[in-house]
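Sequential numbering from 1 along the given sequence is applied to the chain's residues. None of these values were measured; they are calculated from a predicted model.
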Amino acid sequence: MAFASLQHLPTELLLEIFRHLDDSSLYELGQTCKDLHYPAFSAFFKQNDIPTPSSSGWYWTSKYPPHTLSIVHSALWMKDMRHVCCSVNGGFNRIFEDTEDLHRLIGRMNFVDSFRVNLSLVDYWSYANRQQGLYRLAWGKRFTSLLDFAIERGCIDLEISGGAALKNIYVHDEPPGLPQVQVGSSQNRVEQDGISSSPISASAILDAQVIQPEISLPPRIQGDGASLKKSRSPLVNMVSRIFRRSRPPANPSSPTPILPVIIPINQIPNAESDIDPPSAPTLRLKSVDIHSPMLLQYTFYPWTINMLAKGSSTITRLSLSCVEIPTETWTHLLSSISLPLLTRIRLKTSLFRASQAASCTPKFNDILQFLERHPTITALELEGVEKPDPPPVIKQSILPRLKTISAHSIWIGCLLDILDTHADAFPDLQSINISTEYALFDDPADYTYSYDLIDAVLEKIAHFPRSITLAVQFSFEQGMEWFDSHVALGKEKSIIGSLRCVSNVVISTRFTVRCGREEVTHLAQWFALFPSLESVKILDCLLDKDGYSLLDDTALLKSMRAGCSTLKRVETSYGSINLDTLTM
C-alpha cells in the first residue's frame with residue numbers, strides 16, 4: 001500500500017504550509033530530507049527578510065533570528081561558499097551562540113577567502129543595557145579561537161570591526177592595562193607599573209584558567225536528541241511521522257538514526273566539518289582589517305601581535321582603524337609589526353573628545369620609523385595621527401615605491417620636502433589626497449583647520465616633475481570659502497594656475513557637508529583655474545542637497561568645458577559623462 005508523501009504535494013500547498021511554520025520548525029523541517037531542504041530554508045530566508053546566500057559564494061547578513069547561522073552551516077550548498085560577512089548580535093547568550101555557529105560554518109566551507117565579522121550590534125546592545133556580565137578572558141578565548149580557525153582554513157581577507165563598547169560590559173577578572181608581549185625578540189617587550197616583568201604570551205593569557213560565565217544556552221544547543229524532539233512543533237512532528245511511514249523499513253542490524261546533537265564549541269576540538277582538515281594548513285592571509293579597538297586591548301592584544309607575526313610572510317595589506325587606543329599601545333604596536341611584503345597601509349584613529357588628542361593618537365616618529373622599515377609600501381593613508389607643529393624635517397628618502405598617499409596636509413608637506421634634498425624621491429607617485437580630517441568632538445569648535453596649509457602643499461606640488469592626480473577631501477562648510485578665495489584671485493595670482501602637473505582632480509566631502517547647484521557652480525569656476533585639467537571627479541555627499549544632480553545640469557557642464565578647454569570628463573557618485581559628447 002502506497003503511503004502519502006509530503007514531497008508529492010503541490011508546490012503552492014507546500015508554500016502555504018511553510019507560511020505557518022515558525023523559524024525553529026522550518027529549521028528542523030529543512031533537515032528531514034533533500035526534497036524539503038531547499039524550499040524550507042528558502043522560506044526561512046524570505047520570511048525573515050534575509051538575503052539568500054548568493055551563488056557567487058557570498059554570505060552577508062546583519063540582524064537575523066537565532067536559527068539563521070545554524071541553517072546556513074547545515075545547508076547542503078554551504079561547501080560552495082567562499083566569503084562570509086556577518087554581524088554578531090547582542091546579548092550575553094547570543095554573543096557566544098553566534099560565535100559558535102560561525103565556527104561551525106567555517107568548518108563546513110571548503111575554502112574561506114573572506115571572513116568579516118562586525119560587532120556593531122553588540123555595541124548598540126551594550127550601550128543600551130550597560131550590564132556587566134561578559135567575562136573578558138572567556139570571551140577572548142572563544143573569539144580568537146574563531147579567528148584562528150578561519151585563518152587555518154585558508155582565509156585571505158580578514159576583517160574585524162566594532163566592539164568598542166564591550167569594555168562597558170566586561171567582568172574584570174584580570175588586571176587592567178597593556179600586557180607584556182614578546183614576539184621574536186626581547187626588544188618588543190613592554191613593561192608597565194603593576195605588571196609582571198616577565199613577558200606574557202597570547203597563549204598564556206588566553207589559556208589561563210578562568211571561571212566560565214553561567215550562560216543559559218537555548219534548547220537548540222542543549223540536551224540530546226530526545227529533548228530536541230520534544231521541542232518540535234506539532235506540525236513538524238506530523239511531517240516527521242509521514243516521512244517515517246513513507247520510508248522503507250530500516251535494517252535491524254543498522255543503528256537507529258538520531259537527530260544530530262549540536263553542542264557548545266568548547267566541547268569539540270575542531271568543530272563539525274564535512275571535510276578532513278588539511279594536515280599542514282598553508283597560510284594564505286593577505287589582507288587584514290583591524291577596525292575593532294577590542295583587538296588592541298588587554299586579552300586580545302597579544303593575539304593580534306602574534307597573528308600579524310604569523311602572517312608576516314604573506315600579508316600585503318593592513319588597515320588599523322580604531323578609537324580611544326592609548327598612544328603607548330600604538331607605539332608598541334607599530335614597533336612590533338614587521339611585514340616584508342606590505343604594499344598598502346591604512347592607519348586611522350578617531351577622537352571623541354579634544355582631551356584625547358595627546359593621549360590617544362599615534363606619534364609622528366613612531367609612524368615614521370614604521371615607514372622606514374617598510375620600503376615596499378605603495379599606498380599610504382593616515383588620519384587622526386599626530387601632526388607636529390612645526391613639522392620636523394625628514395632627512396632621508398623613504399618609501400621609494402609609493403604611488404598614492406592620503407593624509408593631513410602637514411604629513412604630505414613633510415614627505416614632499418624630501419624632494420628638496422633627494423630629487424629622485426617618489427619616482428612612482430601618482431596620486432596625492434589632501435585631507436582636512438574630522439574629529440567627533442563634543443564641541444565642533446574644539447577642532448579647527450587652516451586652509452592655508454593646503455596652499456602650502458600646493459606650492460610644493462607645483463614643482464612636481466610628473467603628472468599626478470590631486471584629491472582634496474574637506475569636512476567643513478568653510479571649505480567652500482577656500483575655493484571662492486582662489487576664484488577671486490584668478491588664474492594669474494592663484495597657486496592653482498601653476499599646477500601644470502595636475503591632470504585629474506578629485507573632490508570629496510564628509511557627511512557633515514551638503515552641497516547643491518550654487519556650491520558646484522563655485523567649484524566649476526575653481527576647476528577653470530587649472531591649466532592642464534583633463535578629468536574631474538566629485539564624490540560622496542556633494543550633489544546631495546535638494547536632489548541636485550550635476551550630470552543633469554547641461555548648462556553648467558557646458559560652462560565648465562568653456563572655462564577649461566582641456567577638460568574632457570566629469571564623474572560623480574552617480575555616474576560620469578564625456579564632455580566631448582555635449583553640443584556646445
Side-chain angles (χ1 to χ4, degrees), residues 87-88 115-124 126-127 134 136 139-140 143-144 147 157-170 176-179 181 183 190 192 202 205 285 287-309 311 315 317-337 339 342 344-364 366-367 370-371 379-387 406-408 411 435 437-441 447 510:
S87 293
V88 175
F115 187 57
R116 303 175 184 177
V117 181
N118 191 303
L119 300 171
S120 297
L121 295 180
V122 181
D123 289 336
Y124 298 145
S126 60
Y127 280 130
L134 182 64
R136 188 197 301 259
W139 165 241
F143 192 72
T144 54
L147 301 183
D157 178 8
L158 179 66
E159 177 180 331
I160 310 299
S161 56
L166 281 174
K167 61 183 180 182
N168 299 324
I169 61 174
Y170 282 144
L178 181 68
V181 181
V183 179
V190 172
Q192 289 189 349
I205 291 179
L285 191 61
S287 177
V288 177
D289 292 80
I290 299 177
H291 297 172
S292 172
M294 179 186 71
L295 293 184
L296 298 184
Q297 295 168 350
Y298 184 79
T299 297
F300 290 90
Y301 183 76
W303 178 90
T304 302
I305 290 294
N306 281 278
M307 179 271 294
L308 293 174
I315 295 176
R317 178 186 172 277
L318 177 63
S319 178
L320 302 170
S321 178
C322 300
V323 298
E324 299 182 319
I325 298 300
T327 297
E328 292 77 10
T329 302
W330 286 114
T331 298
H332 180 264
L333 177 66
L334 294 174
S335 64
S336 302
I337 298 175
L339 306 173
L342 187 65
R344 303 179 67 87
I345 175 67
R346 179 175 183 251
L347 181 58
K348 176 183 177 181
T349 178
S350 300
L351 304 177
F352 292 99
R353 293 180 295 273
S355 59
Q356 297 175 332
S359 60
C360 294
T361 55
K363 293 296 184 181
F364 182 95
D366 295 332
I367 299 174
F370 175 85
L371 298 179
L380 171 64
E381 182 178 352
L382 302 174
E383 183 173 346
V385 302
E386 183 188 27
K387 298 170 283 291
S406 175
H408 189 278
W411 263 95
S435 173
E437 297 193 353
Y438 180 74
L440 300 174
F441 290 163
Y447 185 84
R510 302 281 183 170

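- Around CZ of Arg346, the count of heavy atoms belonging to other residues, nucleotides or ligands within 6.0 Å exceeds 12.
- The structure places NZ of Lys167 at 4.0 Å from CD of Glu324, a figure rounded to the nearest 0.5 Å.
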> Between Thr331 and Asp366, does a side-chain hydrogen bond (donor to acceptor under 3.5 Å, both in side chains) hold up when you go through it step by step?
Replying inline: CA-CA 6 Å; Thr331 298; Asp366 295 332; 2.7 Å; yes

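- Under the 4.5 Å side-chain criterion, counting only non-hydrogen atoms from C-beta, Ile160 is in contact with Phe143.
- The minimum heavy-atom distance between Phe300 and Gly140, with the atom names listed, is CZ-CA, 3.4 Å.
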| query | Checking side-chain contact (heavy atoms from CB on, under 4.5 Å) for the pair Met294/Leu119: CA distance, chi angles, key distance, verdict? | reply | CA-CA 10 Å; Met294 179 186 71; Leu119 300 171; 3.5 Å; yes

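- The OG atom of Ser287 sits 9.0 Å away from the CD1 atom of Ile315 when rounded to the nearest 0.5 Å.
- Within the 4.5 Å cutoff, the side chain of Thr329 has heavy atoms near those of the Tyr301 side chain.
- Distance check, rounded to the nearest 0.5 Å: OG of Ser319 to CZ of Arg344 gives 10.0 Å.
- Atom CG of residue Leu295 and atom OG1 of residue Thr304 lie 4.5 Å apart, to the nearest 0.5 angstrom.
- Using a 4.0 Å cut-off between charged nitrogen and carboxylate oxygen, Glu328 and Lys363 do not count as a salt-bridge pair.
- Side chains of Trp330 and Leu347 form a contact here, defined as non-hydrogen atoms less than 4.5 Å apart.
- A donor and an acceptor atom, one from each side chain of Ser161 and Asn118, are located under 3.5 Å apart.
- Under the 4.5 Å side-chain criterion, counting only non-hydrogen atoms from C-beta, Ile290 is in contact with Met307.
- Looking at heavy atoms from C-beta onward, His291 lies in side-chain contact with Ser321 at the 4.5 angstrom threshold.
- Taking the six-membered ring for Trp and the full ring otherwise, Trp139 and Tyr170 have centroids separated by 6.0 Å or more.
- Note on Arg116 versus Asp289: no salt bridge recorded, every NZ/NE/NH1/NH2 to OD/OE distance being 4.0 Å or above.
- Taken from CG in Leu380 to CH2 in Trp411, the straight-line distance is 7.5 Å, to the nearest 0.5 Å.
- For the residue pair Thr327 and Thr361, the shortest heavy atom distance occurs at OG1-O, 3.0 Å.
- The main-chain N or O of Gly162 is never found under 3.5 Å from a side-chain atom of Asp123 such that the two would form a donor-acceptor pair.
- Counting heavy atoms from C-beta outward, Leu318 and Ile337 have side chains that approach closer than 4.5 Å.
- In this structure, SG in Cys360 is found 8.0 Å from CD1 in Ile325, a value given to the nearest 0.5 Å.
- Shown here for Gly163 and Ser292, the closest heavy-atom pair between the two residues is CA-OG, 4.2 Å.
- Residues Ile367 and Pro362 share a closest heavy-atom pair of CD1-CB, 3.9 Å.
- Taking the side chain as every heavy atom from C-beta outward, Val117 and Phe115 approach each other to under 4.5 Å.
- Between Leu147 and Leu158 the shortest side-chain heavy-atom distance falls below 4.5 Å.
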